[in-house]
Protein chains: 2
Amino acid sequence: MPNTIPLNQEISLSVIKTACSNCNLRELCLPFGLSLEELERLDDLISTRRRIKRGDHLYRAGEAFDSIYAIRSGFFKTDVLLEDGRDQVTGFQMAGELLGLDGISTEHHTCNAIALEDSEICAIPFSRLETLSREIHNLQHHFHKVMSREIVRDHGVMMLLGTMRAEERLAAFLLNLSQRFTARGFSHAEFYLRMTREEIGSYLGLKLETVSRAFSKFQEEGYIAVQQKHIRILNVNGLKALMNHRV
Amino acid sequence: MPNTIPLNQEISLSVIKTACSNCNLRELCLPFGLSLEELERLDDLISTRRRIKRGDHLYRAGEAFDSIYAIRSGFFKTDVLLEDGRDQVTGFQMAGELLGLDGISTEHHTCNAIALEDSEICAIPFSRLETLSREIHNLQHHFHKVMSREIVRDHGVMMLLGTMRAEERLAAFLLNLSQRFTARGFSHAEFYLRMTREEIGSYLGLKLETVSRAFSKFQEEGYIAVQQKHIRILNVNGLKALMNHRV
DNA sequence: GCATCGGCTTGATCCATGTCAACCGAAAAT
DNA sequence: ATTTTCGGTTGACATGGATCAAGCCGATGC
């Protein structure tokens, strides 16, 4: 009987416990590349799992930092607020991705993390992570890679905001989402957006009307089918071409 | 005789050697917060100092990554190139700042680092830095902070590119430079720009003409005096006000 | 079943910034 | 000293996306 959990005490206990070692996201998340024994040591560290309801904050800008968070399920956005009321979405995060890295710098969170659907996170006390990563080379190295990847991702967004036109930005955004859904075993061609047009616009440096118009345009061109938050990508290459050709 | 280097063999040797322990940037750079003994261990790691002439690359996108670099003197820019020829400056770096963090992620550099004036850097072999930071907690923690700070900085740039108007962007840029020069003991009100209008524009997501016009506008308003690359800030609060008031 | 509300779409118009072009001045090359 | 080159400034005009405004649709509440 494959895919069936044997009903003995020992196994059902380990399933209940929050554990990286039996998390199906482990290859996308912090545990990447760890041995079984190393994984078990990481399990000890991640004691808290927490549910965050849609719309609730995981943390707020200004709060003291002490943990980073791995998303076990669900979908988040992070945003930054300026004194004058302007704000900007700095990212959308999905299962297996880490939240809170910005807080290490000043020991206070510098942005807000808000659940866009009911979600579940694993809290990783940062000082314990540092301790453990002194002992497990693979963990240390992978954590450095994750931080670096975040920097590279941010450069990509800067590129997008600095040099791309509205439609290019939206195409890049859709292709990026598609690719991340694929990496999680979901369809690359069909998905639900968890965020509003306004949130997309904020992330892409556009107004919601412009985002809406670009969606309509893509639909007219036959690149995608949109119905509210439901997106089907009909012509990936069309979208890619749109991004790569300087007009 | 304070501030005088005694002329005995041992000390003059250690002065010649590249050494964090007698670098006047140590409080801005990687060695921040280390004890004297820890500093000396860091010295062993940083064996290579290298001069980079104005216009030369420190590294190029695509090259294998093995070191990060601390700027000992001079001024750099980093930029990213897209296949279609578009490029964007992702940052300007000055003495005491680190370059190359983006390369950790894929073990290849993802951007170009180019000297904007004759410069000197310390190469820090990354795998040895990881080894040492397993032993020196302060080093590990500070390095994490530096990476996190880079992420926070990038969020600031995303904010700037996503929500600010041309003049706000330039004001933010000047204030940021001013603040960083101040931290290095230079005047906060008077400095030379090392980069062209085009490079500023690329960084700020603007065309060089727009940058030029904004400089002229600031001068008309009496906020600054510009003469080519020489900038004097005459009214810091004027510039700040310009940034904070939503129009 | 009807009203309300939030999110979305679409149209008309406006404006900030891009584009194109001419010119200037400082610095480098001859 | 003269010419060339490069970076910078400024003006005239074009345009992509913002703004303002109306209306639609699906979900939620009464």
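All chains are named by letter (A, B, ...) in the order of the sequence lines, taking the proteins before the strands, and each is independently numbered beginning at 1.
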| query | For A:Lys229 and C:dC8, what is the distance between atoms NZ and C1' respectively, to the nearest whole Å? | reply | 10 Å

| Which whole-number value in Å describes the distance from A:Tyr192 OH to D:dG26 P? | 13 Å

| query | Distance check: side-chain N/O of A:Lys207 vs OP1/OP2 of D:dT19, anything under 4.0 Å? | reply | yes

| field | Given C:dT9, C:dT17, D:dA18, the nucleotide with the shortest approach to the side chain of A:Leu206 | value | D:dA18

| field | Contact nearer the 5' end of DNA chain D, comparing B:Phe215 with A:Val211 | value | B:Phe215

| field | Pair of N/O donor and acceptor under 3.5 Å linking C:dC20 base with B:Glu209 side chain | value | yes

| Distance in angstrom units between B:Ile224 CD1 and D:dG8 C1', rounded | 14 Å

| remark: Of D:dG7, C:dT9, C:dT17, the nucleotide closest to the side chain of B:Ala166 is C:dT17

| Please give, in whole Å, the distance from D:dG8 P to B:Glu198 CD? | 9 Å

| message | Out of the candidates B:Thr90, B:Asp79, B:Thr78, B:Asp87, only one should pair with B:Asn112 under the side-chain hydrogen bond (donor to acceptor under 3.5 Å, both in side chains) rule; please name it. | response | B:Asp79

| field | Under-4.0 Å side-chain N/O to phosphate OP1/OP2 contact, B:Thr196 with D:dC6 | value | no

| task | In whole angstrom, give the distance that lies between atom CD of B:Gln228 and atom P of C:dG25. | result | 11 Å

| With a 4.0 Å cut-off on heavy atoms, is A:Gly205 in touch with a base, just the backbone sugar-phosphate, or nothing at all? | sugar-phosphate

| remark: Ranking D:dG7, C:dC8, D:dT10 by distance to the side chain of B:Arg213, first place goes to D:dT10

| Starting at NZ of B:Lys217 and ending at C1' of D:dT10, how long is that distance when rounded to a whole Å? | 15 Å

| field | Nearest-angstrom distance from the residue atom CD of B:Glu220 to C1' of D:dT9 | value | 12 Å

| Hey, would you say the A:Tyr203 and A:Phe92 ring centroids sit under 6.0 Å apart? | yes

| Counting N and O atoms only, with roles assigned by atom type, does the side chain of B:Arg169 sit under 3.5 Å from a partner on the main chain of B:Met164, one being a donor and the other an acceptor? | yes

| query | To the nearest angstrom, how far is B:Leu208 atom CG from D:dT9 atom P? | reply | 9 Å

| message | For D:dT9 and B:Ser212 - does any side-chain N or O of the residue sit under 4.0 Å from the phosphate oxygens OP1/OP2? | response | yes

| said: Tell me which pairs pass side-chain hydrogen bond (donor to acceptor under 3.5 Å, both in side chains) where either residue lies in residues 215-225 of chain A, with sequence neighbours left out. | reply: A:Glu167-A:Lys217

| said: Any side-chain N or O of A:Arg197 below 4.0 angstrom from OP1/OP2 of C:dG7? | reply: no

| task | For A:His230 and A:Glu190, test the side chains for any donor-to-acceptor distance below 3.5 angstrom and give the result as yes or no. | result | yes

